[in-house]
Amino acid sequence: MTLHAALFYILATVTAISAIGVAVTSNIVRAATWLLFALASTAGIYFLLGADFLGATQLIVYVGGTMILVVFGVMLTASGPFVNMKVGAAEWAISLAVGLLLYSVLAIVLLQIEPPSRNIPPNHTLLPSKHIGAALLGSSSSTPEAKVTGLRGGQFIPRTRVSYLLPFEIISVHLLVVLIGAAYLARAKRRREDVA
Amino acid sequence: MDFFLGTYYPVFMYLVVVIGFAIAAPLTAHLIAPRKVTPVKQMPYESGMDPIGDARMKFDVKFYLIAILFLVFDVELLFLYPWAATNQTTGSLIPSAFKDVVFWEIQAFLLTVVVAYIYAWRKGVFKWR
């Protein structure tokens with residue numbers, strides 16, 4: 001077993017155990033902690049696949065952001081010191097059925113595609129974050145012409161060189177909207193307090 | 001595969017040190033520390049003050065606004081990361097004639113958030129009321 005495979009198995013085991021922990025535990029803070037480990041080791045798998053920007057996104061948005069919101073949500077709303085979520089037998093049955101359904105969809109999709117080792121040409125490269133960065137800044141010449149793999153019969157769909165400067169700047173305007181929205185909500189709250 | 005394990009050696013070393021310290025520090029304290037239990041030592045530590053009330057309580061909803069503000073700048077940081085990875089590389093990734101344009105693009109990106117920051121500041125979002 002190569003080191004690469006060993007790392008994959010370690011990360012996959014941590015992800016699976018943590019995901020089971022999220023579902024099994026009845027304490028919401030423990031569920032959040034299990035979720036933290038599940039999301040972080042998923043990020044590790046992304047890094048292992050060479051998708052470092054995706055891994056960083058997973059760490060910053062999910063492990064950093066979503067977890068903060070979950071923990072803050074618990075802190076702000078918890079009525080007692082230990083919030084336990086009682087799960088009934090019917091809820092277990094429904095969630096088990098939904099989970100198995102999702103798993104079967106994923107398994108069917110996975111069986112449909114061919115293993116990538118047969119398809120990927122030796123010079124195939126994934127997009128490292130520096131290329132994504134160059135593309136975000138409008139330098140389209142840096143984007144490698146990556147190909148879509150995993151199709152039946154080893155087909156390739158060539159991807160044209162693109163740049164993402166406009167989406168990049170739209171994102172910053174989007175963040176501006178979010179901040180102004182938060183500021184507006186805070187101001188509306190103060191006005192109501194003034195009236196009262 | 002674009003995954004070079006060598007790139008991540010510092011991360012692995014860091015993880016080993018962190019996990020090792022997390023295990024070794026309580027273990028060493030458990031093994032060699034003297035134990036004389038007194039009622040004062042059994043109290044929760046609150047910077048030398050006598051603790052008031054329960055540690056587990058409902059927090060003010062104002063903290064949620066702080067969380068949302070954190071998320072905005074968190075996502076902002078996410079989009080600075082690929083730029084930071086690009087900026088330090090040499091070669092033909094970004095043509096040299098393009099460097100100044102890239103600098104001003106990033107300034108424009110940051111400026112839109114600074115505008116929102118000043119707006120929120122003027123509206124008193126950062127005041128603790």
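Every value quoted in this text rests on a predicted model; they were computed, and no experiment measured them.
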Q. Which one of B/L110, B/V114, B/L78 has the most heavy-atom pairs closer than 4.5 Å to chain A?
A.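 Option with the greatest count: B/L78.
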
Q. Looking at A/V61, A/T57, A/V178, which one has more heavy-atom pairs under 4.5 Å with chain B than the rest?
A. A/T57

So, do [X] and [Y] sit near enough that their side-chain heavy atoms are less than 4.5 Å apart?
| X | Y | answer |
| --- | --- | --- |
| A/L175 | B/T112 | no |
| B/F109 | A/V173 | no |
| A/L176 | B/V113 | no |

Residue [X] excluded, over 12 heavy atoms near [atom1] under 6.0 Å:
| X | atom1 | value |
| --- | --- | --- |
| A/F37 | CZ | no |
| B/M13 | CE | no |
| B/Y14 | OH | no |
| B/Y81 | OH | yes |

Just verifying a value: how many Å separate [X] [atom1] and [Y] [atom2], rounded to the nearest 0.5 Å?
| X | Y | atom1 | atom2 | value |
| --- | --- | --- | --- | --- |
| A/I180 | B/Y119 | CD1 | OH | 6.0 Å |
| A/F72 | B/F70 | CZ | CZ | 9.0 Å |
| A/I68 | B/I66 | CD1 | CD1 | 12.0 Å |

Joint hydrophobic cluster, [X] plus [Y], side-chain heavy atoms closer than 4.5 Å:
| X | Y | result |
| --- | --- | --- |
| A/V22 | A/I17 | yes |
| A/V14 | A/L39 | no |
| A/M67 | B/F73 | yes |
| A/L59 | A/F8 | yes |

What pair of heavy atoms forms the shortest contact from [X] to [Y], and how long is it?
| X | Y | value |
| --- | --- | --- |
| A/E169 | B/E105 | OE2-O, 3.1 Å |
| A/G65 | B/L71 | CA-CD2, 3.1 Å |
| B/D74 | A/G64 | OD2-C, 4.2 Å |

**Q.** Residue A/L69 versus chain B: region with a heavy atom under 4.5 Å
**A.** both

